[in-house]
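Hydrogens, waters and symmetry mates are skipped; everything else that's a heavy atom, side chains included, is used.
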Amino acid sequence: MVVLLTLAFWLGGSVLLDMVIMPGMYAAGMMSTPGFASAGYSIFWVFNRVELLCAATVLTGIFALRHYFKSSQFKRWTLVFAAVMMAIALFTTYWLTPEMSALGIHLSEAEAAAAVPAGMDLMHGSYFVLDFLKIAVGGVLLAICFRNMSMMTASKDNVLV
């Protein structure tokens, strides 16, 4: 149950950030303000740390659940999926987000933030591709865990009857 709740929280937070918060900030014109990079970095700093906690919880939970489920599909793919999600969280936290923030921060207050730096669009695209991959893999992992948990619950109910 902890793995299911953590995955639901994590994926829901990612969708909320990617589909509501960031497009809203972009549409409001915040990317053209001088403090956008530091504000974005502050938001993502907190989110990425929560994401790392969720990834660690899911990976640890999958390690523990592998002993309870007899399905070879569960044993084979869930660990791979959880590891991919952890790798994405580590990559975005410790490389992609700091690099995007470094590109966006202007060292001079007098310098106008008129244009988005050249590499920023590529990094935004990379971030959204990784987030889409994380959501897709997380959705599959959520479905596998839910299905196996449902089967385990059903088999316990049959034993008790």
Rounded distance [0.5 Å steps], [atom1] in [X] versus [atom2] in [Y]:
X	Y	atom1	atom2	answer
I144	T78	CD1	OG1	7.0 Å
L96	N48	CG	CG	9.0 Å
I43	I21	CD1	CD1	7.0 Å
W10	L141	CH2	CG	9.0 Å
L130	S14	CG	OG	11.5 Å
L59	M85	CG	CE	10.5 Å

Connected via hydrophobic side-chain network under 4.5 Å: [X] and [Y]:
X	Y	value
L4	V15	yes
I88	V46	no
F128	V20	no
V84	W95	yes
L7	F9	no

Partner set under side-chain contact (heavy atoms from CB on, under 4.5 Å) for T6, not counting sequence neighbours: V2, C54, T57, V58
Taking the six-membered ring for Trp and the single ring otherwise, decide whether the centroids of F132 and Y127 are under 6.0 Å apart. no
Heavy-atom side-chain proximity of F81 to I62 below 4.5 angstrom: no
To check you understand the geometry: which heavy-atom pair defines the closest contact between [X] and [Y], and what is its length?
X	Y	result
G61	V3	CA-CG2, 3.5 Å
T93	P98	O-CD, 3.4 Å
K134	L11	O-CD2, 3.9 Å

May I ask you to check whether over 12 heavy atoms, not counting those of Y26, lie within 6.0 Å of atom OH? no
Between F44 and F47, how do the two ring planes meet: parallel, tilted or perpendicular, split at 30° and 60°? perpendicular
For T97 and T92, indicate whether the former's side chain and the latter's backbone hold a donor-acceptor pair under 3.5 Å. yes
